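Just so we're clear, the structure is a prediction, and the values are computed from it rather than from any experiment.
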Amino acid sequence: MDPIVAIVIALATLCIGLLVGYTYRKNQTERKIDRTEEYAKRLYDDAVRKAEDYKKEKVLEAKEEILKAKAENDRERAENEKEIRERRNEIQKNERRLIQREETLDRKANNLETREEGLNERVAALAKQEEELAELKTKQLSELERIAGLTKDEAKQLVIDRVQKEAYHDAAASVREIETQAKEEGEKKARNIIALAIQKCAADHVAESTVSVISLPNDDMKGRIIGREGRNIRALETATGVDLIIDDTPEAVIVSAFDPVRREVARLAVEKLIMDGRIHPARIEEMVEKARKEVDNQIREAGENAVFETNQHGIHHELVKLLGRLRFRTSYGQNVLKHSIEVSHLAGLMAAELGADVQLAKRAGLLHDIGKAVDHESEGTHVTLGAELARKYHENNDVVHCIMAHHNDVDPQTVEAVLVQAADAISAARPGARRESLENYIKRLEKLEEIANSFDGVDKSYAIQSGREVRIMVKPEDVSDEGIKVMAREIAKRIEEQMEYPGQIRVNVIRETRSTEYAK
């Protein structure tokens with residue numbers, strides 16, 4: 001075959017194939033376009049349908065909301081209308097009530113006017129009656145004064161006296177009832193606290209006087225102590241500041257001095273001289289100096305022991321020395337240092353029972369009489385001097401207050417101050433703790449009976465128990481059962497004002513019943 005023909009045939013075949021392929025692809029494309037258009041149309045129709053459905057749904061919802069809002073609006077309008085109707089009704093009721101009140105007030109005003117006219121008439125009548133009554137009263141008073149033989153003022157005073165007597169009776173009965181109730185509780189608790197404190201604290205009481213007796217080996221020693229022309233005894237008295245009494249007492253010399261420290265120095269010096277045997281002025285001065293140093297050591301040790309015994313550390317060393325000096329100081333025969341230690345223990349024990357400051361109470365109790373260590377050397381009471389010493393050596397203000405208040409120089413402001421007062425009274429009031437001279441003792445008994453006998457209605461009075469109790473027998477016709485309570489208090493108060501005494505004095509007024517008071 002000719003190549004050209006073959007090529008032509010091939011080209012023709014290719015053209016036909018291309019034409020056929022183009023036609024096929026065109027048909028396929030057209031079908032695809034149709035399917036796509038159909039799918040798009042379906043989507044459009046679905047979208048349109050859904051949009052219509054959504055639109056209908058929203059329209060329905062909007063209609064429902066409108067209906068709800070309309071219903072709510074109708075309901076609110078109905079409620080408002082109801083409220084308006086109720087308010088209108090209430091206003092109408094108030095208006096009717098006001099009208100009724102106005103009518104009532106008008107009627108009352110008319111009645112008041114009528115009454116006022118009647119009252120004016122009655123007032124006039126009453127004024128006339130008062131004038132008549134005043135005249136009658138004057139006549140009656142004149143007649144009563146004539147019949148009774150008393151003037152108006154005398155009768156008035158008689159009534160006043162009767163009322164005062166009844167009030168006095170009622171007051172005494174009330175006092176007795178209140179004090180009985182208070183004592184039932186207070187005395188029971190105080191008794192328990194004081195008993196516990198006393199049971200836990202046992203202290204020794206040392207009784208001393210203003211003289212010390214020195215035993216001599218023989219009576220020849222008296223001449224040696226006196227020395228030639230009395231030079232030894234003069235040197236000894238000058239060096240120690242005491243009085244040496246050498247009398248007919250066998251084998252004894254008496255050292256007399258109000259200052260217990262000087263007396264102790266002199267006693268030690270004389271004993272050392274007797275033991276040494278060499279007695280002359282130079283030796284006396286040497287022995288006195290040694291005795292003074294020994295006493296100073298004893299004072300320091302006594303103060304330190306007191307501080308240690310009461311567990312009160314941190315006290316200034318000068319106060320410790322002053323405490324030691326109280327070892328040689330007595331009050332009514334009671335050793336002041338022993339007394340101070342005892343007061344410290346008692347105050348601490350009572351503070352522990354009451355929940356107060358135990359250390360403050362013990363410290364104040366130990367230092368409460370510190371002024372007695374210097375009251376022979378300085379002006380002022382031992383209370384004032386003690387407070388000044390405590391301030392000087394930087395003691396707590398509460399301690400200073402307790403010292404100032406323990407004899408009521410100032411009113412106690414703290415529980416600890418009251419406890420120190422009570423502990424001081426307990427220590428001083430122990431039987432045998434203190435003693436007085438016979439003369440002072442008799443004077444106190446006589447003064448107690450004199451005060452008791454000065455009251456009206458007292459029949460007899462007796463000072464008993466060493467002057468710690470006074471019993472008064474009253475006349476039953478002059479003093480009532482209620483009156484003895486008042487009398488007991490007044491006697492106790494007068495004893496407090498006019499007498500000085502350690503501890504307390506019991507006042508017993510006896511009629512058919514007994515009433516007890518304490519002068520503290």
Side-chain angles (χ1 to χ4, degrees), residues 193-206 208 260-261 296-331 334-375 382-383 385-407 412 414-430 433-434:
I193 293 172
I194 293 172
L196 283 172
I198 293 174
Q199 287 172 2
K200 294 178 182 178
C201 176
D204 296 327
H205 297 280
V206 180
E208 296 182 359
V261 176
D296 287 342
N297 288 332
Q298 291 177 6
I299 288 172
R300 180 177 51 79
E301 290 175 2
E304 291 173 352
N305 289 337
V307 170
F308 179 76
E309 184 177 346
T310 54
N311 194 27
Q312 293 301 310
H313 305 295
I315 296 178
H316 196 279
H317 63 89
E318 290 296 334
L319 287 179
V320 175
K321 288 181 182 179
L322 293 172
L323 275 174
R325 292 188 66 175
L326 295 179
R327 175 187 175 186
F328 301 103
R329 176 77 159 80
T330 59
S331 177
Q334 185 181 27
N335 184 277
V336 177
L337 181 58
K338 294 288 185 182
H339 165 69
S340 298
I341 294 171
E342 184 182 15
V343 170
S344 177
H345 287 312
L346 288 170
L349 291 168
M350 289 190 287
E353 293 293 330
L354 294 173
D357 191 333
V358 176
Q359 290 300 315
L360 172 60
K362 292 184 71 174
R363 196 179 190 94
L366 181 64
L367 298 175
H368 80 285
D369 273 344
I370 195 69
K372 289 185 177 180
V374 295
D375 61 352
H382 77 278
V383 175
L385 294 172
E388 290 176 357
L389 287 171
R391 289 193 194 96
K392 179 179 179 182
Y393 296 114
H394 312 296
E395 281 297 322
N396 192 311
N397 288 333
D398 292 334
V399 174
V400 176
H401 173 67
C402 292
I403 294 172
M404 288 293 294
H406 83 274
H407 280 318
T414 62
V415 175
E416 292 78 14
V418 177
L419 292 179
V420 171
Q421 272 190 350
D424 185 35
I426 293 169
S427 175
R430 286 181 184 274
R434 294 186 171 185

Within this structure, what is the [atom1]-[atom2] distance for the pair [X] and [Y], rounded to the nearest 0.5 Å?
X: Gln359; Y: His313; atom1: CD; atom2: NE2; value: 9.0 Å
X: Lys362; Y: Leu419; atom1: NZ; atom2: CG; value: 13.5 Å
X: Ile370; Y: Leu337; atom1: CD1; atom2: CG; value: 9.0 Å

Please find out if less than 6.0 Å separates the ring center of His339 from that of His368.
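Yes, close enough.
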Are any side-chain N or O atoms of [X] and backbone N or O atoms of [Y], one a donor and one an acceptor, separated by less than 3.5 Å?
X: Ser340; Y: Val336; answer: yes
X: His345; Y: Glu342; answer: no
X: Asn305; Y: Glu301; answer: yes
X: Asp369; Y: Lys372; answer: no
X: Glu416; Y: Ala351; answer: no

Could you tell me whether the side chain of [Y] reaches within less than 4.5 Å of the side chain of [X], counting heavy atoms only?
X: Ile299; Y: Arg327; value: no
X: Asp398; Y: Arg363; value: no
X: Leu366; Y: Ile341; value: yes
X: Ile426; Y: Met350; value: yes
X: His407; Y: His382; value: yes

Residue list, salt bridge (Lys or Arg N to Asp or Glu O under 4.0 Å) with Arg300, at least two apart or on another chain:
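Residues passing salt bridge (Lys or Arg N to Asp or Glu O under 4.0 Å) with Arg300: Glu304.
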For [X] and [Y], which heavy atoms make the closest approach, and how far apart are they?
X: His406; Y: Asp424; answer: CD2-OD2, 3.7 Å
X: Leu326; Y: Ala373; answer: CD2-N, 3.6 Å
X: Gly348; Y: Val358; answer: O-CG1, 3.8 Å

Sequence neighbours excluded, which residues qualify as side chain to side chain contact (heavy atoms under 4.5 Å, CB included) partners of Ala417?
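Applying side chain to side chain contact (heavy atoms under 4.5 Å, CB included) to Ala417 gives His401, Cys402, Ala405, Pro412, Thr414.
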Sole residue of Leu367, Leu389, Val420 in side-chain contact (heavy atoms from CB on, under 4.5 Å) with Ile403:
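Per the side-chain contact (heavy atoms from CB on, under 4.5 Å) rule, the option paired with Ile403 is Leu367, out of Leu367, Leu389, Val420.
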For residues 317-325, run the donor-acceptor check on the side chains, cut-off 3.5 Å, and write out each pair with its distance to 0.1 Å, sequence neighbours left out.
unit_1 : atom_1 : unit_2 : atom_2 : d
Arg325 : NH1    : Glu377 : OE2    : 3.2
Arg325 : NH2    : Glu377 : OE2    : 2.7

